[in-house]
Number of protein chains: 2
Amino acid sequence: MTHSPELLKGTLQTIVLKILKDHGRTYGYEITQRVKELSEGSILLTEGALYPTLHRLEAEGLLKTEKVMIGKRVRKYYALTPDGKIEAKDRVAEFIGFIKTMGHVLQVELA
Amino acid sequence: MTHSPELLKGTLQTIVLKILKDHGRTYGYEITQRVKELSEGSILLTEGALYPTLHRLEAEGLLKTEKVMIGKRVRKYYALTPDGKIEAKDRVAEFIGFIKTMGHVLQVELA
DNA sequence: CATGATACCTAATTCTGTTAGGCATAAGAC
DNA sequence: GTCTTATGCCTAACAGAATTAGGTATCATG
């Protein structure tokens, strides 16, 4: 997923949901670029992970899609459904909780 | 691994190394208990994950072992090798860096 | 006209963790 | 006294998510 390592595992859905929450309607390639920017190049999403994840979230009813023609190319936009908005919030909260717990376990200052 | 979810993936080695660094010589079961205490019950290491991880770290030369008889039972103590100490430090630093990056990506205050 | 960026996708493999066992001693409850 | 719980080690089958490595196609630039 990136050159930072396997720590990302399990965070991909959270990242995708939060990007969509903050940015609204976004397409796959754009998500990879935004994450790259926000992480200053340290998180490079692979498409092999991203697209299946988007499809999974859509299948779970958290995302809805819209296809738009850009010239002769199809661009597929994703946006959060109402359930998706709730889930985005929950996932971020869960991540914050996880970080706090890890701070205790690793005995480091994170928050 | 716990009821908090798959966020733990990829953090197990870091946790084990840091516990051994802070506590010194520790045995497997004791590690599960310490992590449980430090995490206030929210991280429950499963043995199916822990023991293979300990064996892996030992095979990589990061841990050394010592068997001690406690009554009629064998207890297997693990401790960091010099390489293990370096690795523990690096892993924790890497985790902190990961958290900072995630803070940017998720646009939340973590530190 | 060739390369790199844009843009979507899937399949095989790998890696880690979960689930679900097995084995055995020690301690406490009833 | 025996039954359950805790202590303590282990492995194997399975599951899930990401990596690696493809495929396809349009568009812009040198």
Side-chain angles (χ1 to χ4, degrees), chain A residues 1-17 25-37 39 41-60 62-63 65-78 91 95 98, chain B residues 1-17 25-37 39 41-60 63 65-78 91 95 98 102:
Chain A
M1 176 190 268
T2 165
H3 37 97
S4 312
E6 58 280 69
L7 292 174
L8 273 295
K9 303 227 176 196
T11 64
L12 180 53
Q13 291 193 8
T14 304
I15 290 172
V16 167
L17 290 168
R25 189 187 184 240
T26 316
Y27 56 96
Y29 186 79
E30 194 182 8
I31 293 173
T32 66
Q33 299 309 303
R34 289 191 75 77
V35 172
K36 187 178 171 184
E37 282 166 33
S39 69
S42 69
I43 299 182
L44 304 174
L45 300 187
T46 61
E47 300 185 342
L50 178 62
Y51 289 112
T53 294
L54 287 168
H55 302 161
R56 235 175 279 149
L57 292 173
E58 187 186 3
E60 289 170 20
L62 302 176
L63 307 184
T65 63
E66 189 188 347
K67 288 181 185 172
V68 175
M69 291 305 297
I70 303 295
K72 292 180 185 175
R73 268 194 296 199
V74 177
R75 186 182 285 171
K76 202 166 159 189
Y77 280 98
Y78 290 87
R91 293 295 186 95
F95 184 77
F98 165 69
Chain B
M1 177 190 266
T2 167
H3 36 98
S4 314
E6 58 282 65
L7 291 175
L8 272 296
K9 302 229 174 192
T11 65
L12 180 52
Q13 291 193 7
T14 303
I15 290 172
V16 167
L17 289 168
R25 188 185 184 244
T26 316
Y27 54 98
Y29 186 79
E30 195 182 8
I31 293 173
T32 66
Q33 299 308 305
R34 288 191 76 77
V35 171
K36 186 178 172 185
E37 282 166 33
S39 69
S42 69
I43 299 182
L44 305 173
L45 301 186
T46 60
E47 301 184 342
L50 178 62
Y51 289 112
T53 294
L54 287 168
H55 302 161
R56 234 175 279 150
L57 292 173
E58 187 186 3
E60 289 171 20
L63 306 183
T65 63
E66 189 188 346
K67 287 180 186 172
V68 175
M69 291 306 297
I70 303 294
K72 292 178 183 176
R73 270 194 293 199
V74 176
R75 185 183 287 171
K76 201 166 160 189
Y77 280 98
Y78 290 87
R91 292 294 186 95
F95 184 77
F98 165 68
M102 283 298 287

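We name chains A, B, ... by the order of the sequence lines, and we start the count at 1 in each one.
Atoms CE (A:Met69) and P (C:dA7) sit 13 Å apart, rounded to a whole Å. Summarising the geometry, the separation between CG on B:Leu7 and C1' on D:dA17 is reported as 13 Å, rounded to the nearest angstrom. Atom P of nucleotide C:dG17 and atom CG of B:Leu57 are separated by 10 Å, given to the nearest angstrom. When rounded to the nearest whole Å, the span between CG of A:Leu45 and P of C:dC8 equals 13 Å. In this structure, CD1 of B:Ile15 is placed 13 Å from C1' of C:dT16, rounded to the nearest angstrom. Rounded to a whole Å, the CD atom of B:Glu60 is 12 Å from the P atom of C:dC15. Here the C1' atom of nucleotide C:dT14 and the NZ atom of B:Lys9 are 13 Å apart, to the nearest Å. Going from atom CD of B:Gln13 over to atom C1' of C:dT16 covers 10 Å, rounded to whole Å.
With values rounded to the nearest 0.5 angstrom, B:Glu47 atom CD is found 12.5 Å from B:Thr53 atom OG1. The distance from the CG atom of A:Leu17 to the OG1 atom of A:Thr14 is 6.5 Å, given to the nearest 0.5 Å. In this structure, OG1 on B:Thr32 lies 6.5 Å from CG on B:Leu45, to the nearest 0.5 angstrom. Rounding to the nearest 0.5 Å places OH of B:Tyr51 at 8.5 Å from CD1 of B:Ile31.
Looking at residues two or more places apart in sequence or on another chain, you find a side-chain contact (heavy atoms from CB on, under 4.5 Å) between B:Val68 and B:Arg25, B:Glu66, B:Ile70, B:Tyr77.
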Listing time: all N or O pairs from protein to nucleotides 28-30 of chain D that are below 3.5 Å?
none

What pairs of nitrogen or oxygen atoms, one from the protein and one from nucleotides 7-10 of chain D, lie under 3.5 Å apart?
unit_1 : atom_1 : unit_2  : atom_2 : d
D:dT7  : OP2    : B:Tyr29 : OH     : 2.0
D:dT7  : O5'    : B:Tyr29 : OH     : 3.0
D:dT7  : O2     : B:Arg73 : NH1    : 2.1
D:dG8  : OP1    : B:Arg75 : NE     : 3.4
D:dG8  : OP1    : B:Arg75 : NH2    : 2.3
D:dG8  : OP2    : B:Tyr27 : OH     : 2.6
D:dC9  : OP1    : B:Lys76 : N      : 3.3
D:dC9  : OP1    : B:Lys76 : O      : 3.4
D:dC9  : OP2    : B:Tyr29 : N      : 2.6
D:dC9  : OP2    : B:Tyr51 : OH     : 2.8
D:dC9  : O5'    : B:Tyr51 : OH     : 3.4
D:dC9  : N4     : B:Glu47 : OE1    : 2.9
D:dC10 : OP1    : B:His55 : NE2    : 3.4
D:dC10 : OP1    : B:Lys76 : NZ     : 2.8
D:dC10 : OP2    : B:His55 : NE2    : 3.4
D:dC10 : N4     : B:Glu47 : OE1    : 2.9

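Contact annotation: B:Thr53 reaches the phosphate of C:dG17 (side-chain N/O to OP1 or OP2, under 4.0 Å).
In terms of position along DNA chain D, the nucleotide closest to A:Gly10 lies nearer the 5' end than the nucleotide closest to the other residue of the pair A:Gly71 and A:Gly10.
Taking 4.5 Å as the limit, some side-chain heavy atom of B:Leu12 sits within range of a side-chain heavy atom of B:Val16.
Atom NZ of A:Lys36 has 12 or fewer heavy atoms from other residues, nucleotides or ligands within 6.0 Å.
A:Tyr78 approaches A:His55 most closely through the heavy-atom pair OH-CD2, 3.5 Å.
Side chains of A:Thr65 and A:Glu58: a donor on one and an acceptor on the other come within 3.5 Å.
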